[in-house]
2 protein chains.
Amino acid sequence: MAPRIVTLAEIEHALAGANLVAAIERGFAHYSAGDAVVPPVGELLFDEPPGDVHIKYGYVRGDEHFVVKIAGGFYRNPELGLPANSGLMLVFRQRTGELDTILLDDGRLTDVRTAVAGAVAAKYLAPRVVERIGVIGTGVQARLQVEYLRGTVDCTNVLVWGRTASSVDGYRRALEANGYSVARAATPDEVAANCRLIVTTTPSKVPLLRAVEPGTHVTGVGTDTADKNEVAAAVFARADLVVADSVAQCRERGDLHHAFAAGAVDAARVVELGDIVRGVHQGRAADADITICDLTGVAVQDIQISRAVLDALRAKESS
Amino acid sequence: MAPRIVTLAEIEHALAGANLVAAIERGFAHYSAGDAVVPPVGELLFDEPPGDVHIKYGYVRGDEHFVVKIAGGFYRNPELGLPANSGLMLVFRQRTGELDTILLDDGRLTDVRTAVAGAVAAKYLAPRVVERIGVIGTGVQARLQVEYLRGTVDCTNVLVWGRTASSVDGYRRALEANGYSVARAATPDEVAANCRLIVTTTPSKVPLLRAVEPGTHVTGVGTDTADKNEVAAAVFARADLVVADSVAQCRERGDLHHAFAAGAVDAARVVELGDIVRGVHQGRAADADITICDLTGVAVQDIQISRAVLDALRAKESS
């Protein structure tokens, strides 16, 4: 049987109104409970022009489907007038292996499920009062992380640090059009000094966030390979609670991987986000705690978001 | 830009007339010369119903494209009236990561490139005179291996062993319709006693081929996971030349993996098929030699066959 092919416009339409926080947090819970089969990430690297492609795949036992997601980042594409990110998600039937649906999302679902994971982290780890959201970076994720916090964190003030004035201006215009007020920080340190909820979203290979104040939560999403690093080991060393989407994966990649290498964190102390969701471990315990959540991206997020899209498409068709 | 979506019928049309042996042997040469980037195979296993999905991906440096191939085997599907094999190939642009073409081949290209690899192995390793092709197994690969030998090995007599009379009957009818004469062997040993070119094509987990005569070449294609095993370690121990599509991969899976574990073969003695193709190592040296080629499937075959399909589609469109 020919697979259903879903375009980006249909995907965007399906996403509107779906309860994505619930879908993604259920995914993390499955993952940490051991209900998900999620092999190590496949990776394909390119030198010239530089690019990386990640293949994430897996399934939740007993589900109808399994998912293979391919997502690429080719960072010189904007020079050619092309988006840096690309990709698609493939949904297969778990009982027969048949290809059910091709989600031609051009990487959009990866962007969204990553942003939603940030909201899940904030739901359990952000301080009760957030007066200003701090953002390191000005790219797609810098914008989506803030926008997908809506409904979870009641704050529309953003303090952003970016490398150039023009990238910050573009970022500011995009968010202000959506009802946020955005100020520019001169340094990452200025973000750290003024924000109790900070999201790092860059592909930096040198730590940008070097220290944070008591009562701060940091979500790191930019660092998804072994060589990238945004949050310094010293920040991990001072944290009261260190959380990861996948402890196994963060041994190999992400900011935590560098913190482990520096001896700043004992792996036994790291809690999985899914264990907090399912109540096996407490989230933020005290207002003055420093918490960090390192998100490197797990296939269970891709499974859950493609399922949410399929469910929404079915619901719209049957209504 | 929306990817081109190519149906199975269009793929079959494109394959007709393409020089696939040349395409695949060039792929093996690239692989063994180190020109190909081919990360380890991704694997997703299912218990109930049993199934396995393999994800192979990679690129040849300097090529226009990279390829991700997903191929599934769900062995109870025939009970539901569905083919056991499924899958698709995705062709992306190497310079931008954009999805170029989706080849909806339902696993057909994997079947064909595996059969063509058998022809490449026979081209360099089969004895000069083959009076009877021996086949262990009666599935799709048992048929295609024989059919794709046409043009490489001048022989239309087949001696086949299968578990049941009905499977052998079906196999015989299919091949006889294509001009072959097919006899049934009572045991794998009978195949070994009467054939100097033998192809093993089953998912067996216990060795079926336990000894061969001098002057025999064996191509093993059925064994592609760590637990499958068709060719006994004793056959490897007696071989004059042991060949693999990928020495690295055969340490982890395939018949060779079992032969290594049994101490029957020294890894330093194993020659890569691509090194024979590019003349770095000799193929069959003497009529009386026993040669074995263990094929576990390498992404470079998927790269080459999808490229052959794209080239053929372009040629048909511009003609």
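Every chain is numbered from 1 and lettered A, B, ... according to where its sequence line falls, protein lines coming before strand lines.
- Using a 4.5 Å cut-off between heavy atoms, A:Val37 contacts chain B through both its backbone and its side chain.
- Around NZ of A:Lys316, the count of heavy atoms belonging to other residues, nucleotides or ligands within 6.0 Å exceeds 12.
- Here B:Phe74 contributes atom CZ and A:Glu98 contributes atom CD; the two are 9.5 Å apart, rounded to the nearest 0.5 Å.
- The choice from B:Asp47, B:Val41, B:Asp52, B:Leu45 that makes the most heavy-atom pairs within less than 4.5 Å of chain A is B:Leu45.
- Counting only residues at least two apart or in different chains, side chain to side chain donor-acceptor pair (under 3.5 Å) contacts with residues 76-87 of chain B comprise B:Glu48-B:Arg76.
- For the atom pair CG of B:Leu82 and CZ of A:Arg93, the computed distance is 8.5 Å after rounding to the nearest 0.5 Å.
- For the pair A:Phe46 and B:Gln94, the tightest heavy-atom approach, listed with the atom from each and the gap, is CE2-CG, 3.4 Å.
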Might you work through the side chain to side chain contact (heavy atoms under 4.5 Å, CB included) test for A:Leu99 and B:Asp106, ending with a clear yes or no? CA-CA 8 Å; A:Leu99 177 59; B:Asp106 290 344; over 6 Å; no

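- The closest side-chain heavy-atom distance from B:Ile102 to A:Leu104 is below 4.5 Å.
- Of residues 58-71 of chain A, those residues lying under 4.5 Å from chain B by any heavy-atom pair are A:Gly58, A:Tyr59, A:Phe66, A:Val68, A:Ile70.
- Pairs engaging residues 35-45 of chain B under the salt bridge (charged side-chain N to carboxylate O under 4.0 Å, His left out) rule: B:Glu43-B:Arg253 [sequence neighbours left out].
- Looking at A:Phe92, the atoms closer than 4.5 Å to chain B (heavy atoms on both sides) all sit in the side chain, from C-beta outward.
- The number of heavy-atom neighbours closer than 6.0 Å to CD of B:Glu147, taken from other residues, nucleotides and ligands shown, is above 12.
- Against chain A, the residues from residues 5-14 of chain B that qualify, each with a non-hydrogen atom under 4.5 angstrom away, are B:Ile5 in number order.
- For A:Arg278, the CZ atom is densely surrounded, since the number of other residues' heavy atoms within 6.0 Å is greater than 12.
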